[in-house]
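These values consider heavy atoms only, across backbone and side chains, with no hydrogens, waters or symmetry-generated copies.
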Amino acid sequence: MFDTAIIGTGPAGLSAALNLKIHNKNIIWFGSADICEKVALAEKIENYPGFNEISGSDLCSVFRRQAENMNLSVTDKVVNQIVNMGTKFGILAGSDFCEAKTVLIATGIEQKGQIKGETERIGHGVSYCATCDGRLYKGKRIAVICNAKRLEHEVSFLAELAEHVDFFPYYDNTDIVYDNVTVHNDKPIEIVGDGHVEKILLSDGNEIDVCGLFCLRTSVSFSNLMKEIPTDNGHIIVDRNMCTSIKGVFAAGDCSGRPYQYTKAVGEGNVAAHSIIDYLSQEENK
């Protein structure tokens, strides 16, 4: 049982992890092993206190070095679902499962990659976990959406099970090469089927008959991650202490609203960490 599960390895997640580590909390930290990888894409940052001007890659190197010095480790898994179990939370990441007393969501802004009909067919042909559900489609034709090269091992896993895979990479230079995999340049725009996935419609007007669709994304939308999470215009609703309306669930960084700034994310991660510490103390004293 962990004190806290942190979901997201951006500046907010890092800030929270550092503070919770300092306070000797037992944490599990989910996300990309390349801590703050999106920060590295910034050409020049001029508003981060302590640096007159710094590149995103240099700031990212500082962040990663600090995490290493604090012996912080990242569980390089995409969290698919958070389950409210009353006094604790169940965290499903791929085929792995763990429990935590509190959860901090620091996943950044909600991705707009969902396609029409996706949410309605979760569990009815739409899956976000290859290792969890892949064997259900052994010998069948499936479609796979993937938005990050680091998730290609899951595509390979599915290719070894399925009769045929229609693969839609949302990035350049895929390394997926199998006789039973067709790599498409067009994108799925709609899922069709009477309850269950039966076919997908493509942006070029064509359609493909499939039994299932795997959406391999670096993060799952808030509504699919935890259905009861309160949101407004694509952001998680929090108070000044970064608490959501769900007891034990906190959010920080871009996912909690604008401005989308590194300094704001770091500050909110700090606030969230101390709110979590206070919450854990109160629960222990009951």
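The environment of CG in Asn285 is crowded: more than 12 heavy-atom neighbours from other residues, nucleotides or ligands sit within 6.0 Å. For Asn185, the CG atom counts as loosely surrounded, since its 6.0 Å shell holds 12 or fewer non-hydrogen atoms of other residues, nucleotides or ligands.
Ion pairing between a basic and an acidic side chain is recognised when a charged N comes within 4.0 Å of a carboxylate O; Lys247 and Glu283 show such pairing. Using a 4.0 Å cut-off between charged side-chain N and carboxylate O, Asp34 and Arg150 make no salt bridge. Salt bridge Glu118/Arg217: present, at least one basic N to carboxylate O contact under 4.0 Å.
For Tyr137 and Phe214, the ring centers are positioned less than 6.0 Å apart.
If you chain together hydrophobic residues whose side chains sit under 4.5 Å apart, Met226 and Val103 fall into the same group. Linking Ile, Leu, Val, Met, Phe, Trp and Tyr whenever their side-chain heavy atoms come within less than 4.5 Å leaves Val79 and Ile35 in two separate clusters. Residues Phe2 and Leu104 do not share a hydrophobic cluster, clusters being chains of Ile/Leu/Val/Met/Phe/Trp/Tyr side chains in contact below 4.5 Å.
Here Ile246 contributes atom CD1 and Ile82 contributes atom CD1; the two are 8.5 Å apart, rounded to the nearest 0.5 Å. The structure places CG of Leu225 at 8.0 Å from CD of Gln81, a figure rounded to the nearest 0.5 Å.
Proximity of Ile276 to Leu20: side-chain heavy atoms (C-beta onward) are separated by under 4.5 Å at one or more points. Contact check for Thr9 versus Trp29: side-chain heavy atoms found under the 4.5 Å cut-off.
Here the closest heavy-atom approach between residue Cys146 and residue Tyr171 is recorded as O-CE2, 3.4 Å. Closest approach of Asn180 to Ala159, counting heavy atoms only: ND2-O, 2.8 Å. The two atoms that bring Asp3 and Thr102 nearest to each other are O-OG1, 2.8 Å, heavy atoms only. For the residue pair Leu202 and Pro188, the shortest heavy atom distance occurs at CD2-CA, 3.9 Å. In plain terms, the two heavy atoms of Glu37 and Arg64 that are nearest each other are CA-NH2, 3.9 Å. Of all heavy-atom pairs between Ile200 and Ala143, the closest is CD1-CB, 3.6 Å.
No side-chain N or O of Asp239 forms a donor-acceptor pair with one of Asn241 less than 3.5 Å apart. Side-chain N/O atoms of Ser32 and Lys38 include no donor and acceptor closer than 3.5 Å.
Sorted by first then second residue, the salt bridge (Lys or Arg N to Asp or Glu O under 4.0 Å) pairs that include residues 121-146, not counting sequence neighbours, are Arg141-Asp166.
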